[in-house]
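Hydrogens, waters and symmetry mates play no part in the numbers below; they use all other heavy atoms, side chains included.
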Amino acid sequence: MRPAAGGETARVFFALWPDAAAAAHMHAIAEQWHDSLGGRVTREDTLHATLVFIGEIETARLPVLLALASGIELPGFELALDRRDCWRHNRIAHLGASRMPEALSNLQSELAARVRAAGFEIEKRPFSPHITLIRKADCKNSATESVTNKNPAQPVAWTVRDFVLVKSSLSANASRYEQIGRWPLLEENPTS
């Protein structure tokens, strides 16, 4: 369901937001890559992995998204971003996961199902967890050799303890993100 003409709208998505240490590690990698790939480095405070992109909706429908997320009771998990790549088709240099944790797959599937059931349209492409480090990167073979898996490095890892609903605003320079909801995940190994 797309927003009606004339109503106030917001561009929204559910995401994983890394902790400060993981974000700093990823930003340092982006700065290193920038020398080879050029482009625009993603700001450290905006690094995230999109779970479900919803897009433009009427702001009056935001409470529906907030309510459907509040009922999710799934465990947290460890996420290791160990794949480095540069997509030529959209010129995005990113970190990805060679192994998707089952808990991440379950969280993404549950969110997507609830969002669809509430009448929102979402992207239909397969879920591929990644963090965009550079936009407008020069993804030619010679430039990307230094940043891809041919030059392995320590994975960026963090314990995912929650997920967020984000409102984004686009401008000529960059996107601005505002977290408008945050939900905790269950402890990985709860104690009795």
Side-chain angles (χ1 to χ4, degrees), residues 1-23 26 42-81 90 92 94-97 99-132 135 156-171 174-192:
M1 180 182 300
R2 292 286 168 213
E8 187 177 338
T9 64
R11 181 179 166 94
V12 296
F13 58 92
F14 284 103
L16 301 178
W17 218 263
D19 60 35
M26 288 185 268
T42 303
R43 291 190 337 260
E44 186 173 332
D45 65 324
T46 64
L47 292 166
H48 67 275
T50 301
L51 291 168
V52 177
F53 182 78
I54 302 158
E56 211 65 40
I57 66 164
E58 293 176 10
T59 54
R61 296 199 68 210
L62 285 173
V64 174
L65 292 174
L66 295 167
L68 69 82
S70 67
I72 291 180
E73 292 186 2
L74 293 171
F77 51 90
E78 294 293 321
L79 181 59
L81 300 168
N90 57 8
I92 288 182
H94 67 279
L95 290 173
R99 187 190 73 72
M100 185 176 349
E102 184 178 351
L104 171 55
S105 179
N106 292 343
L107 173 61
Q108 193 280 333
S109 295
E110 180 70 19
L111 268 172
R114 287 174 179 232
V115 169
R116 277 190 209 100
F120 294 95
E121 292 179 28
I122 62 173
E123 288 182 318
K124 290 179 174 51
R125 66 182 166 183
F127 176 59
S128 175
H130 68 278
I131 306 263
T132 297
R135 293 187 184 281
V156 176
W158 89 86
T159 301
V160 177
R161 294 185 171 101
D162 55 22
F163 64 97
V164 296
L165 179 62
V166 179
K167 181 168 89 171
S168 70
S169 307
L170 303 176
S171 69
S175 296
R176 299 184 80 70
Y177 300 118
E178 176 189 356
Q179 294 180 25
I180 57 176
R182 179 178 290 272
W183 296 271
L185 296 169
L186 304 174
E187 289 185 35
E188 278 185 286
N189 298 312
T191 56
S192 328

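With rounding to the nearest 0.5 Å, the separation of CD in Q179 from CG in L165 is 9.5 Å. Taken to the nearest 0.5 Å, the CG atom of L186 stands 6.0 Å off from the CD atom of E73. Rounding to the nearest 0.5 angstrom, the gap separating the CD atom in E121 from the CD1 atom in I54 is 11.5 Å. Taking CG of L16 as the reference point, atom CH2 of W158 lies at 5.5 Å (rounded to 0.5 Å). With rounding to the nearest 0.5 Å, the separation of CD1 in I57 from CZ in R11 is 12.0 Å. Atom CD1 of I92 and atom OG1 of T132 lie 4.5 Å apart (nearest 0.5 Å).
Every residue was checked against the side chain to side chain donor-acceptor pair (under 3.5 Å) condition with E44, not counting sequence neighbours, and none meets it. Every residue meeting the salt bridge (Lys or Arg N to Asp or Glu O under 4.0 Å) condition with D162, not counting sequence neighbours, appears here in chain and number order: R182.
What you find for V52 and A112 is that their closest heavy atoms are CG2-N, 3.7 Å. Shown here for W17 and V164, the closest heavy-atom pair between the two residues is CE3-CG2, 3.9 Å. Listed here is the closest heavy atom pair of I180 and L66: O-CD2, 3.7 Å. Taking every heavy atom of both residues into account, S168 and F13 meet most closely at CB-CE2, 4.0 Å. Closest approach of A22 to V156, counting heavy atoms only: O-CG1, 3.9 Å. Across every non-hydrogen atom of V64 and F120, the tightest pair is CG1-CE1, 3.8 Å.
Only one option out of V115, V166, L62 pairs with V12 in a side chain to side chain contact (heavy atoms under 4.5 Å, CB included); it is L62.
T159 is listed as a side-chain neighbour of E78, based on a closest heavy-atom distance under 4.5 Å.
Between the side chains of T9 and E58, not a single donor N or O lies within less than 3.5 Å of an accepting N or O.
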Please list every donor-acceptor pair under 3.5 Å in which a side-chain atom of residues 99-111 meets a protein atom from a residue at least two apart or in another chain.
residue: N106; atom: ND2; partner: E102; partner atom: O; Å: 3.4
residue: Q108; atom: NE2; partner: L51; partner atom: O; Å: 3.1
residue: S109; atom: OG; partner: S105; partner atom: O; Å: 2.9
residue: E110; atom: OE2; partner: R114; partner atom: NE; Å: 2.6
residue: E110; atom: OE2; partner: R114; partner atom: NH2; Å: 3.2

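Relative orientation of the H48 and Y177 rings is perpendicular, given thresholds of 30° and 60° on the angle between their planes.
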